[in-house]
Amino acid sequence: MSALILMVRLAVRNVRAHLIKNLVIGVILVFGTFVVVTGAAMIDSLDVVMRRSITTSVTADVQVYDANARDPLALLGDMNFGGSDNGEVADYRTVRDVLAAVPEVRTTLPMGLGNATVFGANELDRTLDSLREAEEAGDPAKVAMLVDRIRRIAGDLRPELERVDNITNDTERVAESRAALDRVIAETFPAEYALSPVPTIDWMDNAVAPLATDGRLAYFRLLGTDLPAFQENFPRMQITRGTGVPANERGIILNESMVEQWLKHPIAREFDAIEKLYDPEDDGPQEVIGESGTIYDRVQRTSRQYRRILYQLDTEEIAVLEPKLRALLADQSTDMPGLLKAYLAVSDENFATRKAFFYTEIAPLVRLYDINVGDTLPLRAFTKSGYLKSLNVKVYGVYSYTGVAKDDSAAGAYCLVDMLTFRDLYGKMTDAQRAELHDIKAAVGAVELSGGTIEDQLFGGGSALEAEVATTSTLAALDDVSFGRADARVQQTFTQDQMESGVVTNIAIFLKDPDASEAGIAAILAATDAAGLTLTAVGWKTASGFIGQAAMMIQLVLFVAVLVLFLVAIVIINIALVLATLERTAEIGTMRALGAQARFVTLLLVVESQLVGLVSAVFGGGLAIGFVNWLNDFGVPADNDFLSILFGGKAMYPEWRPENVALGVGLVLAVSFVATIYPAILAARVPPVVALQGKE
Amino acid sequence: MLTLLLAALAFAAPTAEEMVKRLSVIDDRQANSGDYKSLVYIENKQAGKSDLVYQAVVYRRDADDKLIILFVKPQSEAGKGYLRLDKNMFLYDPTVGKWERRTERERIGGTSSNRQDFDESRLAVEFTPSFVADEKLGSYAVEHLKLAVKPGADVAFPSAELWIDKATGNTLKRQDFADSGRLMRTTYYPAWNKMKSETKGADVYFPKEIRIIDEVEKGTSTTVVIQEVDLKALDPNIFTKAWLEAKSR
């Protein structure tokens with residue numbers, strides 16, 4: 001013990017004697033510790049936030065799906081842009097029962113992935129639909145208002161037609177369109193319309209409506225599931241508008257980022273997009289739009305989209321809005337289209353005012369969102385059997401994930417639907433449907449071509465090309481056929497049993513111990529294999545697809561960066577310590593001449609380097625803890641959608657763990673030891689006489 | 001010498017007027033001055049997918065450019081329909097009760113067929129023909145024409161080639177091309193039926209069967225069989241949205 005105390009005292013003395021040299025080495029060791037502790041904390045934090053973000057939003061801990069699927073499951077996106085084929089699990093209940101017996105499994109959730117579209121009619125089509133409904137409802141005031149709106153739209157389209165006339169050679173069509181618009185614009189049109197409303201609406205459907213800009217098609221990524229259980233098991237999902245879908249009822253909950261990006265009024269989206277370009281921290285004058293460049297051109301294009309506001313306004317609404325616009329623009333002479341164009345030509349100086357005006361004065365008068373809570377959404381999808389399937393689904397609410405900006409396309413912008421709606425749109429053919437198709441085919445008996453070229457088979461025989469036929473009676477019978485209400489064929493409510501029985505594309509599994517996912521996957525696969533189910537199970541990182549792989553890549557890059565930095569530090573530390581030790585050969589010779597054993601000298605040098613290493617590691621570790629705490633206070637910002645998915649929010653708030661510090665300190669001490677021991681042994685081996693002569 | 005001259009005349013390319021006349025003959029033979037109704041079977045085959053099968057009733061009033069394709073089978077598709085009025089085509093789905101505007105390129109029921117396969121023939125009105133060659137198609141002697149769309153015509157594809165049987169004047173094969181010159185589909189008409197029309201006072205021709213080969217999605221083909229035709233006058237109110245909607249009420 002006394003020898004150890006002596007050694008430590010000697011070591012402290014020596015460190016102080018070579019203070020400058022040891023300070024240099026210490027700084028390098030501090031850097032090394034700092035890099036390791038910070039890097040390890042960042043990698044761990046990223047893993048933790050990713051797991052928290054992804055497993056609590058859509059993937060759960062493990063996903064199970066068809067082992068024979070053409071494409072791997074990628075819940076947060078892949079390079080197939082939603083066109084992946086993940087196969088199918090024929091019956092959820094069967095798999096659920098098998099998994100219920102696996103001790104590692106806490107709970108399971110059925111999932112069905114699919115895509116659907118919603119056709120957005122153009123503004124004239126919408127107005128004509130409303131007019132038709134108003135006629136059916138016998139609402140003369142609304143009819144008058146809508147006829148007036150149509151006339152106003154026609155009046156606005158008329159000059160556009162003259163521009164088309166200058167660039168098209170289809171003069172006949174332009175003349176027809178001109179005549180149609182002139183008829184609607186004419187003062188006599190309301191009276192003419194009143195004489196025969198429905199035929200006039202039909203005529204406008206064909207002659208006038210096609211002249212307006214085409215409507216927009218909205219794309220929906222659907223995730224069918226047990227909606228109440230989904231809400232319960234994915235706590236980050238929060239309903240921001242409306243409500244959840246009641247248990248055992250059909251319905252859809254829209255994803256907020258999807259709503260903001262695809263269903264919001266295009267002018268509102270433009271205002272939102274431009275506003276994002278301004279630095280919120282900077283109160284001074286900022287130039288985003290400027291007087292030229294991409295954003296300026298975009299603003300000019302937006303100003304030409306004034307019709308997107310004008311066509312949604314009634315006469316009374318224009319009467320309200322027009323004076324406000326005149327006051328805002330200090331313009332008393334321009335007409336309403338001109339006012340709107342001028343209003344939309346925003347600049348850096350007036351952007352904030354114009355945007356505020358839009359949301360306070362214009363937004364209440366127009367459809368800010370194409371689809372709102374309470375609306376019925378006509379979803380349409382190509383089914384697995386190839387038929388086009390449409391279905392009306394009620395919008396119950398809008399959801400987002402906590403911590404994610406509402407306009408970020410985060411966490412796979414899925415709209416959540418009930419399982420039966422998913423299955424209807426998925427359209428797996430039943431035996432009865434298959435039999436029906438077989439009967440239709442058999443009744444017609446169309447010959448299937450096979451062997452040889454088509455032309456040889458069809459035209460090689462030289463048979464007569466013409467035959468005379470007579471009218472048959474079947475067709476007349478079809479004239480009076482009625483198919484009954486199609487919506488009545490759709491089962492509106494369902495039982496839990498019906499929801500659980502049937503096809504799904506994948507199953508989300510929550511483990512009792514999320515940290516033991518490898519063991520969980522092994523147990524799940526063992527159980528499904530034993531039950532004869534051809535399923536595969538993957539962890540949340542793999543199941544998340546592109547995002548998970550990219551995240552793993554980021555972690556790998558981060559790890560390699562830390563490793564490289566640390567390796568560089570090791571080399572420098574090593575060289576510095578070797579040189580420092582060898583420089584002290586004469587001193588070592590003196591110690592040896594005074595009776596110090598080689599072992600004592602070696603140990604002394606090691607203790608010295610460990611002392612320097614320990615002090616530096618503690619200092620470096622402390623610095624790293626301070627830095628990570630600082631990052632935890634301010635956050636590592638997620639500048640884009642990708643990072644916001646990874647971080648599960650707008651920023652990551654990293655945390656250090658004792659094992660990160662232990663790793664940094666331990667590594668630095670180990671490096672100090674390795675770097676010292678060899679030169680120390682060499683130096684201690686030098687005979688004292690030689691060392692004192694300074695020959696080594 | 002005289003034999004040579006006759007042979008040369010026989011092989012001489014037809015004039016532009018003659019070619020237009022040939023197209024007009026094809027159009028006229030298929031047109032009925034009154035209404036037209038047919039029961040059609042549509043079958044679509046696509047590699048790796050199950051067959052799509054439909055039975056539909058086609059209603060036409062050629063004089064007014066009106067057309068309805070009303071699906072009657074299978075049960076899940078019954079009540080869906082296309083309505084063409086002038087140059088507008090709409091699709092109605094009774095499950096959602098909505099009408100959608102569709103384009104000329106609409107694949108009817110997701111098959112490789114489009115509106116022109118069910119509508120009256122308007123070759124002479126929509127295209128300008130040019131002669132390619134006299135050829136053989138299987139065991140039939142055919143005249144091969146190239147067709148270029150006329151300005152303002154609403155067609156699915158801007159150019160086509162036609163093989164017309166020299167003996168009967170019936171179209172046996174047609175190829176449609178995109179703007180880029182890419183072959184989009186090949187259509188065969190292996191047999192034709194004709195029926196006496198009281199309103200026309202002559203025969204009305206219609207293909208017994210149409211075989212459509214999708215040249216873009218390889219392995220995809222559609223067969224249309226015209227099972228029955230009725231040329232009696234139709235209810236005047238058929239060609240409206242309300243009529244099609246009423247079928248599913």
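The shown structure was predicted, so the numbers you read here are calculated from the model rather than taken from an experiment. Numbers restart at 1 for each chain; the letters A, B, ... are given by sequence-line order, proteins then strands.
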List the steps, then state whether salt bridge (charged side-chain N to carboxylate O under 4.0 Å, His left out) holds for Arg367(A) with Asp375(A). CA-CA 13 Å; Arg367(A) 278 190 321 276; Asp375(A) 287 353; over 6 Å; no
Does the pair Arg178(A) and Leu211(A) meet the rule for a side chain to side chain contact (heavy atoms under 4.5 Å, CB included), with working shown? CA-CA 10 Å; Arg178(A) 191 182 286 129; Leu211(A) 301 176; over 6 Å; no
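- A salt bridge does not link Lys384(A) with Glu88(A): every distance from a Lys NZ or Arg NE/NH1/NH2 to an Asp or Glu carboxylate oxygen is 4.0 Å or more.
- Residue contact with chain A, scored on non-hydrogen atoms closer than 4.5 Å, involves the side chain of Phe90(B) exclusively.
- Of the listed residues (Ser221(B), Gly79(B), Ser76(B), Ala191(B)), the greatest number of heavy-atom pairs within a distance under 4.5 Å of chain A belongs to Gly79(B).
- The two residues Gln75(B) and Glu436(A) come nearest to each other via the heavy atoms N-OE2, 2.7 Å.
- Ionic pairing of Arg122(B) and Asp65(B) is present here: one or more N-O contacts between side-chain nitrogen and carboxylate oxygen are shorter than 4.0 angstrom.
- Note on Asp93(B) versus Arg380(A): no salt bridge recorded, every NZ/NE/NH1/NH2 to OD/OE distance being 4.0 Å or above.
- Using a 4.0 Å cut-off between a side-chain N of Lys or Arg and a carboxylate O of Asp or Glu, Lys87(B) and Asp154(B) do not qualify as a salt bridge.
- Ranked by heavy-atom pairs under 4.5 Å with chain A, the first of Ser38(B), Ser50(B), Pro74(B) is Pro74(B).
- Note on Pro210(A), Pro199(A), Pro378(A), Gly460(A): by heavy-atom pairs under 4.5 Å with chain B, the leading option is Pro210(A).
- Note on Val198(A), Asp205(A), Asn122(A): by heavy-atom pairs under 4.5 Å with chain B, the leading option is Asp205(A).
- Residues of residues 104-112 of chain B that come closer than 4.5 Å to chain A, counting heavy atoms only, are Gly110(B), ordered by residue number.
- Ala443(A) does not touch chain B: none of its heavy atoms, backbone or side chain, sits under 4.5 Å away.
- With a 4.5 Å cut-off on non-hydrogen atoms, Leu70(B) touches chain A through its side chain but not through its backbone.
- Aromatic ring pairs are classed by plane angle as parallel below 30°, tilted from 30° to 60° and perpendicular above 60°; the pair Trp163(B) and His144(B) is parallel.
- Chain B forms the most heavy-atom pairs under 4.5 Å with one residue out of Ala467(A), Ser482(A), Ala470(A), and that residue is Ala467(A).
- A distance of 6.0 Å or more separates the ring centres of Tyr205(B) and Trp192(B).
- The part of Ile213(B) that comes within reach of chain A is its side chain, from C-beta onward, which places non-hydrogen atoms under 4.5 angstrom from that chain.
- For chain B, the option among Val444(A), Asp125(A), Val393(A) with the highest count of heavy-atom pairs below 4.5 Å is Val444(A).
- Of the listed residues (Lys232(B), Glu209(B), Lys49(B), Lys73(B)), the greatest number of heavy-atom pairs within a distance under 4.5 Å of chain A belongs to Lys73(B).
- Both the backbone and the side chain of Glu468(A) come within less than 4.5 Å of a heavy atom of chain B.
- By the 4.0 Å N-to-carboxylate-O rule, Lys194(B) lies close enough to Glu466(A) to be salt-bridged with it.
- Salt-bridge formation is not detected for the pair Arg60(B)/Asp35(B): no Lys NZ or Arg NE/NH1/NH2 atom is positioned less than 4.0 Å from an Asp or Glu carboxylate oxygen.
- One distance of note links OH of Tyr36(B) with CD of Gln30(B); it measures 8.5 Å at 0.5 Å rounding.
- Legend: residues meeting salt bridge (charged side-chain N to carboxylate O under 4.0 Å, His left out) with Asp165(B), ordered by chain and number and at least two apart, are absent.
- Near-neighbour residues of residues 241-249 of chain B relative to chain A, defined by a heavy atom under 4.5 Å from a heavy atom of that chain, comprise Lys241(B), Ala246(B), Lys247(B), Ser248(B), Arg249(B).
- One finds a salt bridge joining Glu100(B) and Arg102(B) here, because a Lys/Arg side-chain nitrogen approaches an Asp/Glu carboxylate oxygen to under 4.0 Å.
- Only the side chain of Val225(B) comes within contact range of chain A, with at least one heavy atom under 4.5 Å from a heavy atom of that chain.
- In this structure, the portion of Arg132(A) lying under 4.5 Å from any heavy atom of chain B is its side chain and not its backbone.
- By the 30° and 60° cut-offs, the orientation of the rings of Phe71(B) relative to Tyr54(B) is tilted.
- Put simply, of Lys150(B), Lys80(B), Gln55(B), Gln46(B), the one with the most heavy-atom pairs under 4.5 Å next to chain A is Lys80(B).
- Among residues two or more places apart in sequence or in another chain, the side-chain contact (heavy atoms from CB on, under 4.5 Å) test is passed with Lys441(A) by Tyr41(B), Glu43(B), Lys45(B), Asp51(B), Val53(B).
- Contact check on Glu77(B) versus Lys389(A) returns no salt bridge, with no Lys/Arg side-chain nitrogen under 4.0 Å from an Asp/Glu carboxylate oxygen.
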When you look at Asp203(B) and Arg29(B), which way does the salt bridge (charged side-chain N to carboxylate O under 4.0 Å, His left out) test go after all the steps? CA-CA 7 Å; Asp203(B) 284 335; Arg29(B) 279 157 54 137; over 6 Å; no
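- The candidate from Tyr387(A), Phe119(A), Phe382(A) with the greatest count of non-hydrogen atom pairs under 4.5 Å with chain B is Tyr387(A).
- The one candidate from Thr220(B), Asp117(B), Asp214(B) that meets the side chain to side chain donor-acceptor pair (under 3.5 Å) condition with Arg185(B) is Asp117(B).
- With a 4.5 angstrom heavy-atom cutoff, Asp129(A) does not touch chain B via any of its atoms.
- Ranking Ala207(A), Ser385(A), Ala121(A) against chain B, the residue ahead of the rest is Ser385(A), based on heavy-atom pairs under 4.5 Å.
- Put simply, of Val229(B), Leu231(B), Asp86(B), Asn44(B), the one with the most heavy-atom pairs under 4.5 Å next to chain A is Val229(B).
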